[in-house]
Amino acid sequence: MRNAAETIGRNTLAGIAELGLAAVLLLESLGWILAGGRRRQPVRLSAVLAQCMDIGLRALPIVTVLSFAIGAMVAIQGIHTLSIFGAESQVTLGIALSVTREFAPLITGILVAGRSGSALAARLGTMKINEEISALTVIGINPVRYLVAPSLLAMVMMVPLLTWYADLVALLGAGIYVSLELGISFTAYLGELRLYLDNHDILHGIGKSVLFGMLITLVGVVNGLGVTGGAEGVGRMTTRSVVHAISAIVITDMVFTFVMTR
Amino acid sequence: MSAVIEVERLVARYGEHTVLKGIDLQVQAGEIMVIMGGSGSGKSTLLRHLLGLQAPYSGQVRLLGEDINAIPPQRLVELRRKMGVAFQGGALFSSMTVGENVMLPLREHTRLDESTMQIMMRLKLDIVNLAGCENLMPAQLSGGMIKRAAMARAIIMDPRLLFLDEPSAGLDPVVAASLDELILKLRDATGMSLVVVTHELDSALKIADRIAVLDHGDILVCGSVAEVRASSSERVQALLNRRIQPLELNPEEYLKRLTGVPVSGGATA
């Protein structure tokens with residue numbers, strides 16, 4: 001009994017310490033992004049661009065495939081469900097809102113967490129056990145400026161851009177299915193989209209995705225820096241970072257949606 | 001001569017466990033100070049404190065006259081430009097070529113143009129006998145080459161203080177001897193001060209101006225090679241002559257360790 005209480009207490013403390021570390025890293029990164037130039041230690045554009053390539057551009061093929069499938073899936077389910085009431089023609093409204101407000105940001109966030117969040121954790125973890133982070137520090141290069149800030153900046157730019165792209169592809173996927181199934185022209189489908197979709201809906205999804213990008217980076221970094229015990233430790237923390245990032249994304253999504261729809 | 005590194009009453013603790021018990025140490029300009037000791041003697045912890053990677057529990061570490069735990073971050077960065085460090089495992093950045101690794105401090109701290117940086121990088125690689133290896137990735141290097149590349153990166157800014165962590169550990173005797181030669185050559189050519197942490201006895205005796213022998217968080221003896229050799233301390237002699245240390249056993253502690261439960265005062269064997 002005492003052991004169980006001790007374990008709960010210790011894990012709670014460790015959890016709070018990790019949250020604290022994440023908050024400090026976020027503030028420090030913002031500090032370097034905003035004032036690094038003045039301190040003659042700027043966040044390097046080349047590092048940010050390299051991260052953008054990795055997080056954004058290289059994820060395009062898989063984002064395309066998944067969002068197309070998600071769009072078609074929403075259309076199939078929508079038509080199937082609405083056919084119960086004989087209201088198939090209203091499917092575009094459901095597609096437009098659910099894709100832009102939920103599916104596109106969520107699927108993009110989960111994908112980036114699996115692809116880039118885990119890579120970030122693995123990279124930092126390996127650097128830590130190889131003393132590369134200590135090496136950076138003694139060279140006089142702040143690891144937060146050199147490693148964390150570029151990833152954070154790239155992530156909060158790329159996840160929204162990918163989400164926006166996923167919006168387009170998913171709506172395209174849904175449109176193709178809808179026009180084939182219901183026999184309406186694609187132009188008519190686009191016309192309906194224009195009618196139902198508000199900037200507000202798209203921004204709702206994009207706004208969330210900025211938060212997701214931030215969460216993925218911080219979870220990846222905190223887990224990467226928490227690596228102990230060699231290669232096995234890197235593997236363990238990499239897995240942990242994916243699970244934590246996806247959980248954080250889903251829970252944040254719920255809270256964000258609740259607050260924004262009040 | 002003036003002291004470039006001053007350590008005063010340095011105490012380091014991990015939780016309840018005291019690793020360094022009030023160390024006093026000075027390194028003079030142009031001197032090679034070797035810190036020796038067996039595993040668990042606290043030498044790695046001492047090095048991490050000298051590098052400012054860990055803050056002391058109490059006591060002071062002053063490098064070039066500045067207390068590294070009290071100066072503002074910007075001054076610390078400036079101080080770090082005058083320091084070079086080669087870690088035990090090299091700590092080369094695996095995503096960069098050897099050349100990029102060596103040039104990194106120049107890129108971050110200077111505004112030299114690319115070709116000047118390249119020339120300086122090749123010069124330093126030449127000094128450590130790695131000429132022509134600048135385009136290789138760290139994964140393509142052997143253990144000895146990694147340590148030499150790390151040394152090239154450590155000296156690229158022409159530091160006044162150079163710290164080497166186990167420079168010859170795990171290398172074959174010929175490569176280890178050539179690294180020792182390199183260390184002496186570097187000091188003679190540049191006049192920098194070196195702190196070398198090692199447990200390799202032959203290497204220590206060859207390169208050291210002074211040796212500090214660390215044991216269980218205390219400095220047993222600190223002096224020239226002759227002074228250390230003449231030390232009357234049994235532990236120092238054991239280290240010099242590679243004798244196995246008899247373990248000091250406290251019966252109560254031992255019983256506690258074996259059974260995993262605290263033993264009451266009267267129940268000792």
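The model shown is predicted, which means the values in this text are computed figures rather than measured ones.
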Exercise for the section: Kindly say whether Gly30(B) contributes a backbone atom to a donor-acceptor pair with the side chain of Ser193(B) at under 3.5 angstrom? Expected result: yes

Exercise for the section: Spell out, as yes or no, whether a donor-acceptor pair under 3.5 Å connects the side chain of Asp253(A) to the backbone of Ile249(A). Expected result: no

Exercise for the section: Taking Arg122(B) for its side chain and Gly99(B) for its backbone only, find out whether a donor-acceptor pair lies under 3.5 Å. Expected result: no

Practice task
Enumerate by number any residue of residues 140-151 of chain B whose heavy atoms lie under 4.5 Å from heavy atoms of chain A; in the absence of such residues, state 'none'.
Solution key: none

Exercise for the section: Could you look at Gln74(B) and say if it's the side chain, the backbone, both or neither that has a heavy atom under 4.5 Å from chain A? Expected result: side chain

Practice task
For the pair Arg187(B) (side chain) and Glu31(B) (backbone), establish whether a donor and an acceptor sit closer than 3.5 Å, ignoring hydrogens and angles.
Solution key: no

Exercise for the section: Could you tell me which of Asn130(A), Thr126(A), Thr137(A) has the largest number of non-hydrogen atom pairs under 4.5 Å with chain B? Expected result: Thr137(A)

Problem - Spacing of Leu112(B) atom CG and Met120(B) atom CE [to the nearest 0.5 Å] - result: 6.0 Å

Problem - Parallel, tilted or perpendicular, as decided by the 30° and 60° cut-offs, for the rings of Phe93(B) and Tyr146(A) - result: tilted

Fill in the blank from the handout: Met237(A) and Ala121(A) have their tightest heavy-atom pair at O-CB, 4.5 Å

Practice task
Flag the one option from Ile133(A), Leu136(A), Asn142(A) with the top tally of heavy-atom pairs under 4.5 Å to chain B.
Solution key: Leu136(A)

Practice task
Return yes if a side-chain donor-acceptor contact under 3.5 Å exists between Asp180(B) and Ser203(B), otherwise no.
Solution key: yes

Handout entry: Note: Glu114(B)-Arg107(B) ion pair, threshold 4.0 Å (strictly below)
Key = yes

Exercise for the section: Provide the closest heavy-atom pair for Met155(A) versus Ser116(A) in the form atom of the first, atom of the second, distance. Expected result: CE-CB, 4.2 Å

Problem - Under 4.5 Å from any heavy atom of chain A - which part of Leu53(B) - result: side chain

Practice task
Would you please go through residues 60-69 of chain B and name the residues with a non-hydrogen atom below 4.5 Å from one of chain A, in numerical order?
Solution key: none

Completion exercise
Per-residue tally against chain A (heavy atom, under 4.5 Å) across Ile156(B), Leu76(B), Val85(B) peaks at Val85(B)

Handout entry: Donor-acceptor contact present, side-chain Lys124(B) to main-chain Ala152(B), <3.5 Å
Key = no

Practice task
Under 4.5 Å heavy-atom distance to chain A, tell me which part of Leu79(B) shows up: side chain, backbone, both or neither.
Solution key: neither

Exercise for the section: Name the region of Arg123(A), side chain, backbone, both or neither, that has any atom closer than 4.5 Å to a heavy atom of chain B. Expected result: neither

Fill in the blank from the handout: When the 4.5 angstrom heavy-atom criterion is applied to Ser94(B) and chain A, the contacting part is both

Problem - Expected output: side-chain His109(B) to main-chain Ile139(A) donor-acceptor under 3.5 Å - result: yes

Practice task
Count the heavy atoms belonging to other residues, nucleotides or ligands that lie under 6.0 Å from CZ of Arg160(B), then report whether that count exceeds 12.
Solution key: no

